[in-house]
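As structure tokens, the structure follows; a few thoughts come after it.
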Amino acid sequence: MSNTPDDRKYADSHEWALLEADGNIRVGITDYAQELLGDLVFVELPEVGQKLVQADECSVVESVKAASDIYSPVTGEIVAINNDLEDSPEAINDSPYEDGWIFIIKPEDVSELDNLLDAESYQNLTEDE
Amino acid sequence: MTNKTILNSAHRELGARMVDFGGWDMPVNYGSQIDEHHYVRQSVGMFDVSHMTVVDINGLEAKAYLQHLLANDVAKLTRQGKALYSCMLNEKAGIIDDLIVYFLDEQNYRLVVNASTRDKDIAWLEQQAEDFDVTINEKPTLAMIAVQGPKARQKVCPLLPERLGLAAAEIKPFSACWHGEWFVGRTGYTGEDGFEIILPEDKAEGFWKQLISVGVHPCGLGARDTLRLEAGMNLYGQDMDESKHPIESGLNWTVAWEPGVRNFVGKQALLSIKEQANSDKFVGLILEDKGVLRGHQTVVLDDGSRGEITSGGYSPTMERSIAFARVPANIGKTCKIDIRGKLKVARVVKPCFVRRGEVQI
């Protein structure tokens, strides 16, 4: 059974989005997604300053098995990336919701988060798959 | 309809992640694929390979039949139990399958062929047997477990039935011994020492659990793939198929050209391909930049000509990405790989990266 904390929202493409105190949104992939991918060996990070529209492809995570695109959960501009993942992509396996975050985006319209799933709906989605 | 090996429920009990592999429901890993890879390189791991097809060739003309059927020459097998790796070609020299043949005696041989090619292999074996006094006997009720790694032999021998354990401790690499329905080959698909054990299905689960109890780690097809890639071993369906011949698949070494009087299926076609001397080359690649090489990525040579990666992935032993590729023969010491539109630099090497725990490059 994978872990799905209820302090954040989820995209059906398996990203999580956590609204922080400063109004920015931290993004990573879910425990379910990392488990499905298996051991991660490479992360292609987005660039700071990159502007994205909701559901744009912006990063790639590669496991021993496959490459998987990461989509931005909201429209906005990348303000930080997790450079530690360059040398330790396995942080996503070990700690998908904390150390394994991928980027932080400054949203244009924070209400876009309402389009995403809450923890329970996401959990139901993964149980159906 | 999905096929299941006799160990299917044992895999599920262990919490394996199961995938469809050529119509078989098989474990891809039991947790971390990278850990499973390291168990095999550093100590010992085991794989359920019961999906593979065992076929016995029996009859007065078994030897002559196999000399006709296979690109390698079973006449090289003179010691009982000795094994040989070979391609089975069609008339155009396309590879129908790759296989291992074990020499039991002049009238009895055992083949182990791929699972995904089973039906066409059996049909081909039958068709080619028409003019020979042989019978083709598939053995669907046998299981097969590969125990691989530097500690494999010491773990396996004490668990084998009586005298077979003593015999197995003595056999040389690429040889086999047997007793009743138990058959032990010192062969594998990982680049490490170890055994492939063919045994009756009703003994398989007990033997699997005994192996676990002495510390042999179950490993999935995921680790099997990274191990064989590091070891420079081709995978049928990815690195070669019926549209490819052995010379452009890095398998020229498995073709027995001598003695010249021996005729085998595909020989004439292969000879004319050889004379034209314009075949692509099969090489190894090591990615110098960050990223992961994958099958079907395009290889770009310095002169702009192109090739293709056939198998690629992450090497847990080398902690970087490696691949096999089919490329124009004029490739230099480096080339570029198109990864999602970006050209990344790779070094061209012999396609054998790791053997017996040691990096070869």
Side-chain angles (χ1 to χ4, degrees), chain A residues 1-3 13-14 29-48 50 52 55-72 78 81-96 99-100 102-103 126-129, chain B residues 15-21 26-41 219-230 238 286-297 309 311-323 337-344:
Chain A
M1 191 64 164
S2 49
N3 171 21
S13 48
H14 308 295
I29 65 166
T30 65
D31 189 32
Y32 174 81
Q34 70 78 18
E35 214 181 288
L36 211 60
L37 282 164
D39 296 310
L40 288 171
V41 294
F42 176 66
V43 181
E44 194 174 284
L45 292 163
E47 281 167 27
V48 172
Q50 201 174 334
L52 298 164
D56 271 358
E57 273 177 41
C58 60
S59 169
V60 180
V61 293
E62 298 214 34
S63 74
V64 278
K65 281 187 268 176
S68 181
D69 290 321
I70 305 299
Y71 303 93
S72 181
I78 303 277
I81 53 173
N82 186 357
N83 284 311
D84 290 348
L85 295 179
E86 293 227 341
D87 291 322
S88 309
E90 68 277 9
I92 295 179
N93 294 117
D94 299 340
S95 172
D99 301 344
I102 298 172
F103 60 88
T126 59
E127 279 160 19
D128 289 346
E129 278 196 0
Chain B
R17 182 171 292 284
M18 307 297 286
V19 292
D20 178 83
F21 181 79
M26 298 298 285
V28 64
N29 62 56
Y30 300 82
S32 165
Q33 177 177 328
I34 290 180
D35 289 350
E36 290 169 16
H37 180 107
H38 290 316
Y39 290 138
V40 173
R41 284 275 177 260
C219 300
L221 293 181
R224 191 167 160 82
D225 192 49
T226 50
L227 287 159
R228 70 96 193 165
L229 184 65
E230 286 185 353
Q238 240 171 266
I286 300 177
L287 188 63
E288 300 280 22
D289 293 332
K290 288 202 170 186
V292 185
L293 302 171
R294 304 275 183 194
H296 305 299
Q297 286 170 348
I309 289 181
S311 286
Y314 175 78
S315 157
T317 306
M318 298 166 72
E319 296 187 319
R320 58 202 309 180
S321 186
I322 59 172
I337 314 300
D338 185 337
I339 303 182
R340 292 184 289 274
K342 290 177 196 157
L343 290 179
K344 307 235 178 162

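A note on names: the letters A, B, ... follow the listed sequences, proteins ahead of strands, and every chain is numbered from 1.
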ask   = Would a 4.5 Å heavy-atom cut-off, applied to side chains only, mark B:His37 and A:Val64 as touching?
value = no
request  = Heavy-atom pairs under 4.5 Å with chain B are the metric here; pick the option from A:Val41, A:Asn93, A:Val43 that has the most.
outcome  = A:Val41
query = Checking A:Val60 against chain B: side chain, backbone, both or neither under 4.5 Å from a heavy atom?
reply =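 Contact with chain B is through the side chain of A:Val60 alone.
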key: Region of A:Ala66 that comes under 4.5 Å of a non-hydrogen atom in chain B   =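 The answer is the backbone of A:Ala66.
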inquiry  = Looking at chain A, which one of B:Asp225, B:Thr226, B:Ile34 has the largest number of heavy-atom pairs inside 4.5 Å, strictly under?
reply    =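 Heavy-atom pairs under 4.5 Å are most numerous for B:Ile34.
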ask   = Do B:Arg340 and A:Glu62 meet the salt-bridge criterion of a basic N to acidic O distance under 4.0 Å?
value =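 Salt bridge between A:Glu62 and B:Arg340, a charged N being under 4.0 Å from a carboxylate O: yes.
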message = Could you measure the distance from the NZ atom of B:Lys290 to the CD atom of A:Glu86? Nearest 0.5 Å is fine.
response =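 Reported value, rounded in 0.5 Å steps: 5.0 Å.
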key: Between CZ on residue A:Phe42 and CG on residue B:Leu287, distance to nearest 0.5 Å   = 8.5 Å
